[in-house]
Amino acid sequence: MTNKPNILLVYTGGTIGMIKDYQTNALKAFDFSQIVENIPELEQLSCNIKTISFDEPIDSSNMNTRFYIDIVEIIEENYKNFDGFVILTGSDTMSYTSSAISFMIENLQKPIIFTGSQLPIGDLRTDAKENLITSIEIACARKKDKPIISEVCLYFEYKLYRANRTTKINAEQFEAFASMNYPPLAESGVHLSFSEHYIYKPLKDKKELVIRKKLITDVLILKLFPGITEKVVKSMLSIDGLKGVVLETYGSGNAPDETWFVTLLKEAIFKDIRIINVTQCNGGHVNQGHYETSVALKQIGVVNGKDITTESAIAKLMYLLSEDLSEEEFKSYFEKSLRGEIS
Ligand code: ASP
């Protein structure tokens, strides 16, 4: 018997567990068991660590909703026996994946920390060790016998973020992620200091964990740019079976107010396609109706994405589309915070 927390480490792939193939010079995934061998420091943590790896680890560019389901199934099967989960994925799509997992799990009472690294674990200057060790420490952290974190987070380069608030912003620097519209939940310096005020507090009356595995993928992201043509928008919105669109607009949610553009959106909404207005800016929020160029969007029933990230919007869209909601219900669920993704 031991009082040490049990942590499940799940390796899905990504640089953190990659080595260089000296023939091709490209990075490729290797046997996960070597990760633990590569970090003897893990033995010093006061927790029991069990590791699970995808049979065939993936570069996160190959991530898709089938793998999202694999991740939530691993958590579901092990939920009762573990106190926290650390999920290793490639950083490239980590914000998409971790956002989706946050919507797929309801009534979470334990920490799920996503992390990865910019350099492979065996590299001399690697960021992998710090990211991995501190993520495990965060997953173990308890106060008054309760986990400090009970939401889906992303830890990278000394900062813990709410996962569904993050975006990968840098392919070069160790500080690869930002959370422009929500402050970090913890920072790692000499001490690991949690900003308790910003951390999600679970409901007192414990509800059963709910795992949702149905996601609708007939969706697209339409990023506006000056010069976008009617032909392009029309053909995107006429895709057979299309159910939802994340419309990346300018500034505080503005788009061309030319008749052809508004008419195409209106026709799509009439065909029951849900359209979400999300800003292209990294920070700030959509305010439909603030400028003349967003009044029409509001009038025709475009959903206000407020300060949600594109990564989180696409995940929330896939999730809510699977719930068979009326247009009004969809709008009302989308426009409110379900997992802290909207202010
Ligand atoms: N291409 C890698 C991936 O996302 C990069 C990384 O691991 O950070 O899988």
Side-chain angles (χ1 to χ4, degrees), residues 9-39 42 51-72 74 85-102 112-136 138-139 152-179 184 188 217 221 282 309-312 314-315 318:
L9 193 56
V10 182
Y11 178 59
T12 70
T15 302
I16 192 161
M18 287 184 178
I19 46 163
K20 200 166 239 177
D21 179 331
Y22 286 101
Q23 269 162 5
T24 62
N25 229 10
L27 288 172
K28 61 171 194 189
F30 75 112
D31 180 4
F32 177 69
S33 59
Q34 292 179 44
I35 272 198
V36 183
E37 280 163 30
N38 270 285
I39 315 186
L42 288 178
T51 54
I52 291 186
S53 172
F54 273 13
D55 292 339
E56 284 176 32
I58 54 162
D59 184 291
S60 81
S61 308
N62 286 319
M63 186 53 79
N64 58 44
T65 53
R66 230 174 358 96
F67 292 124
Y68 292 175
I69 295 170
D70 290 343
I71 295 172
V72 291
I74 292 174
F85 301 84
V86 174
I87 317 288
L88 307 177
T89 76
S91 62
D92 289 351
T93 58
M94 195 185 289
S95 293
Y96 289 94
T97 305
S98 54
S99 295
I101 303 300
S102 79
I112 299 179
I113 316 295
F114 277 78
T115 195
S117 65
Q118 293 281 54
L119 285 176
I121 200 112
D123 205 283
L124 216 49
R125 294 188 308 105
T126 189
D127 53 333
K129 285 192 186 185
E130 200 285 318
N131 286 348
L132 178 57
I133 291 169
T134 308
S135 294
I136 296 173
I138 290 168
V152 181
C153 293
L154 187 155
Y155 181 80
F156 227 87
E157 192 61 4
Y158 304 108
K159 289 201 179 84
L160 180 74
Y161 303 107
R162 176 167 296 154
N164 58 30
R165 292 292 194 147
T166 62
T167 299
K168 183 167 180 184
I169 48 145
N170 205 308
E172 164 68 21
Q173 290 170 0
F174 288 148
E175 193 161 354
F177 289 88
S179 165
S188 166
T217 51
I221 297 171
N282 294 330
T309 60
T310 295
E311 293 87 337
S312 198
I314 201 83
M318 288 178 181

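Counting starts at 1 for both ligands and their atoms, in listed order.
- From Ser95, atom OG reaches atom CZ of Arg165 across 13.0 Å, with rounding to the nearest 0.5 Å.
- When side chains are defined from C-beta on, Thr167 does not count as touching Asn282, because their heavy atoms never get closer than 4.5 Å.
- Side-chain contact, Ser117 with Asn131: no donor N or O sits under 3.5 Å from an acceptor N or O.
- Looking at Lys159 and Glu175, a side-chain N of the basic residue comes within less than 4.0 Å of a carboxylate O on the acidic one, giving a salt bridge.
- When ring centroids are compared, Phe156 and Phe114 stay outside the 6.0 Å threshold.
- Residue-to-ligand polar distances keep Gln118 apart from ligand 1: every N/O pair is separated by 3.5 Å or more.
- Counting atoms of ligand 1 from 1 in the listed order, those under 4.0 Å from a heavy atom of Gly14 are 7 (O), 9 (O).
- Listed by number with element, the atoms of ligand 1 under 4.0 angstrom from any heavy atom of Thr15 are 2 (C), 5 (C), 6 (C), 7 (O), 8 (O).
- Panel note: side chain Glu157, backbone Glu130; no donor-acceptor pair is recorded below 3.5 Å.
- Not a single heavy atom of Ala176 sits closer than 4.0 Å to an atom of ligand 1.
- Residue Thr89 has no N or O atom closer than 3.5 Å to an N or O atom of ligand 1.
- Regarding atom 8 (O) of ligand 1, its nearest protein heavy-atom neighbour is Ser91 OG, 2.4 Å.
- At the top of the distance list for atom 9 (O) of ligand 1, counting protein heavy atoms only, stands Ser60 N, 2.7 Å.
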